[in-house]
Every structure is written in C-alpha cells, then in structure tokens.
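Chain letters run A, B, ... following the sequence lines, proteins first and then strands; every chain starts at 1.
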Amino acid sequence: MRCMVMVRATAASEAGVMPSEKLLADMTAFNEQLVKAGVMLAGEGLKPSAEGKRVYFAGNGRSVVDGPFAETKELIAGFWLWQVRSMDEALEWVRRCPPPFDGECSIEIRPLFEADDFGEALTPELRATEERLRAEIAGKA
Amino acid sequence: MSQADTHRAIETVWRMEAPKLVAALIRVVRDIDLAEELAQDALVAALERWPTSGVPDNPGAWLMTTAKRRGIDLLRHRQLVERKHAALDGDPEHEAFTMPNLEALDDDIGDDLLRLIFTACHPALSTEAQVALTLRLLGGLTTAEIARAFLTAEPTIAQRIVRAKRTLADKRVPFEVPRGAELETRLAAVLGVIYLVFNEGYTATAGDDWMRPALCEEALRLGRTLAGLMPREPEVLGLLALMEIQASRSHARVGADGRPVLLMEQNRALWDQLLIHRGLEALEHVGRLGGTEGPYALQAAIAACHARATTAEATDWPRIAALYARLAQVAPSPVVELNRAVAVSMAEGPAAGLALVDALREEKALAGYHLLPAVRADLLARLGRSDEARAEFERAAGLTQNAQERAVMLQRAAGCTTG
C-alpha cells in the first residue's frame, strides 16, 4: 500500500525559518534508511504558505486567494510518498523520524486510494467513459 | 497502547528488523539456523517485555542487543559443553570451539543485507529455493505467505527452505558478496530472482488473492533496496527501471470486465506517472554509469519508449526495433526475436516483420507457442494474404490455453475475407 506522510507546518516553518544543519543531517540519514528499505517513493519540503495561492470553488465560480493562510497547524510543510506493507509499518517509520521542528509539531499519515478502493464508486457510467477515452486515445473513436 | 496494538507494533517492527538482524547474526555466527534462532529469541523477549515497558525508541537496536546477549549466553554454554567433551575424549587435537565475536554486531548493516541477498541466491540452490529463501530472509514473509503467493502447499515451501539452508551449510557456502567476474554471474542470479518474484505478482494482478499483487510490491522493495545498496551497478538500476515502468501500468492492464488489456490498447491516462518518472530516472542513471547495453537496461529502455509515448500512435517503433536488435545480441532468445519482428513490422511494415517471423518457424522452442502463429497471422492479414492469415489464426487458437484468447483468435480468423 502507499501512503502520503505529511509534516504539519508550525509558526516557525510558516515564518520561513530554515532547518538547521543538524536537522538536515538527521533528515538525510532518515531518508537514507527509507530508501534502503525500499519504502520511499518521493518526498519534498514545501515553502511557507506566504508563497502559495489557493483557488476557491463555488459552482462555476473561481476565486484566487494569496497566502499566507491563517490555520498554521492545518498547513503542510513537507511530504513523503511511501510504499509500505501496512499502516502499522508507516506508523513505525514515522516514530523513527527525527522531530521535524523544535517544540510541538505533528506528522500525519494518510493512505492513498488504490484501484481496488474505487470498486463500488467507479460506476458502470464512469467505466464507460473510461472505455470511450481509451478508444479516443487509441484513435479509434 | 492496548495489548493488541502493542502486538501489532511488535509484529511490524519484527518484519522490518528481522532481515537486518538475521543478516548481522549470520555474519558473526556463520549459521543461518542459529542466526534465525537467536533473532527469534529476541522477538520472544520483545513479546514478553514490550507490552509492559512499551516499544522502545530504537526497537532495532534493542532487538540486536538482546540477540547479542542471548547469543553470548548460548555460545558460552556450547563452548563449555565442547570443552567437557574434549576433556572426556582426551584428544588434544580436538578442534577447539571458537567463540564468535558478537561485539562485532554493531558494524554497518548495509553490507550484511547485501551478503544475505547473495547467499540466498547462491547457485548451489535451485531457483525455487532461491526465491523461497529470499522472500523468507529478506522479505520477512512467513512460510504460509510464500506458499499462498506461489499457490504451493505450505509444507512444500517449508521443506524447500529447510533443504536450502542445509545445502548452504553442507557446501560451506561463504557468506559474502563475490568480487570481479564472479560478481556479474551471481548478480544476474540475484536480479533474476527479484524479477521472477515481480512477474509472479504482476501476471496475477487481476487475481483475488492480495498476496500475489503484494509480491510485486515486495519485488519492487527488494529492487529499490538493492539499488540503494549497489548504486553503481547499472543492471541493478536497469532492473529497477524496468520494474517501476511495468508497475506503472498495473491499473491499465485489466479492463472493467476483468479481461487483460493489451499494451497498445491501454488507457495511458491510467499509467502511474510517479512510477514512470522513477523508472526513467533510474534509466538515466544507468546511462551515466555507461551500462545501457545490459539485458535489463535494454528491456527498461524498450519499456521507457512505450512510457514516453503519450498515445499508442506516438510510439517510437524504429527505436524499439533497434533496442530489440541489441537485446537479441546480448540476450538471444526466440521470444526476443519474435518481439523484434513485431517492432520491425511496426517500424518498416508487415513484409519486413514477416521475413523475421518466417525465419523463426523452424525454432523448436517456439513450436507450441501460440503467439508465433498469432503474430504471423496478423502480418499476413495486413499484407492482404487472407487465406493464409485465417489458417494461422486458427492454428494460434488451437495452441492457446486461454479461453478468452482463443475466442479472439477465432473471431479474427472468421474476419479474414478471401482477397
């Protein structure tokens, strides 16, 4: 199974405080373990939300709001994509992660939808659309 | 944490740590069974202690320390018994029991895992034994799980593992990564085992049993681990690239009706771009290492051609045909030749492909292979030689074991109008 592992933002990360050399070294060592265990597929750090934008949807309307965003603890400061055998394994890896920031912070693990999860939700209509798209891509429509 | 949670946590930690633990212990005690026994003892100790003390911050180190302590106790006891026997024998030549240096367990574990992979895939073992031992020792899979994955009875797998260990002990197989020319041969066996595990899971992606698709993930993890341990071996990265790109198509390989969808007919929007990206990156790395002519690197390069084409029509067939020609040189096989014929027919037209296929008709290895007449039939049909095409489609239908494939072949035979 795959899961996304998200590092929650803190006031410091939102203020653009850069990680110390020690933290970078610790994180690199942790990433190295993840890679050698065949677990890590991708991972990146995100710039503060001040450099981000958000698009709000309301029906057909779109409105763009510039960062920074207020709800610091709900924001993401970095993520990994892992392939693990179970949520328990993901949890165990997160326990081994060096603290991403000084003070209180959190990391969230969310399993990804896999093809099978769509079993019921992928209705015959959606399947049909998929078939049509496939035909179009293959130039047979 | 509840009792059940702790037990699950221990099981998880065990699966993650067992390979490193066993690999490190084998290096020191030079005996797979003893190493496994010591590791299991450490697990039992964890099961006793952790529910009350909680899972330690560094569970791997805890297990290693515990295994080391148990190992020292056990080996001291054995030493004592040996000495007594020697005294009773009165034989001064009696081979003294040498105490392994368990303190050396704290060395870098990376090399231990590498040695373990090479030991599990030793040529003294049959391929089946190599696969079972690799999944058991490196994947941390139980005998029951391996048996389910390979649709084999559990006692068969258990026996295979026991025999494999005995063979390694009897032949005094050194626990090491070979060097020089030997490395290349042995590495080929290691890569072969990983790819076999991958294909076992890949061909069964449509199956109900989760264990078989899980084999795919396990092989990918082994491949990624190996690439992490041997980042300068082009073929390791070539195999990884091949597996990542093939895995990227897994969602598109089965239609809504559960039937397999051929590569050229797959909905490319369903291909996993992250895995494609990882595959292409690994392949670029192969290029930087100057290893693009290896069999896995070439197969990965072919897979990459398909991955890069946004539509089936955009496929770079001349390049694929050229890659197959090189593959046919470094790893000649009639199946590669047949694939090359298909690529050539796509690049240069059906007549050029047919000439290559016709050259394979005497090939004994392909005598019962339904794809030979199927490919030939397709080329004949494209050339307007309908009667011959129909006969070949019928022949292909007669050879295939798959009912759905047979139906397709018969349908195509019926569609051949006399021209």
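- Side-chain N or O atoms of B:Asp272 include one that pairs as donor or acceptor with a backbone N or O of B:Leu275 at under 3.5 Å.
- Between chain B and the options A:Met40, A:Glu92, A:Glu89, A:Met1, heavy-atom pairs under 4.5 Å are most frequent for A:Glu89.
- For a residue to count as touching a neighbouring chain, one of its non-hydrogen atoms must lie under 4.5 Å from one of that chain's; by this rule B:Glu17 touches chain A with the side chain only.
- Both the backbone and the side chain of B:Thr225 come within contact range of chain A, with heavy atoms under 4.5 Å apart.
- For B:Pro59, the part lying near chain A is the side chain, with the backbone staying farther off; criterion is any non-hydrogen pair under 4.5 Å.
- Heavy atoms closer than 4.5 Å to chain B are found in the side chain of A:Leu81, but not in its backbone.
- At a 4.5 Å heavy-atom cutoff, the contact between B:Glu218 and chain A is made by side-chain atoms alone.
- Under a 3.5 Å cut-off, the side chain of A:Ser49 and the backbone N or O of A:Gly52 do not form any donor-acceptor pair.
- A cation-pi arrangement is absent between A:Arg62 and A:Tyr56 under the rule of less than 6.0 angstrom and at most 45 degrees off the ring axis.
- Taking the centre of each ring, A:Trp93 and A:Trp80 stay at or above the 6.0 Å mark.
- Under the 6.0 Å cut-off for aromatic ring centres, B:His306 and B:Trp317 qualify, their centroids lying closer than that.
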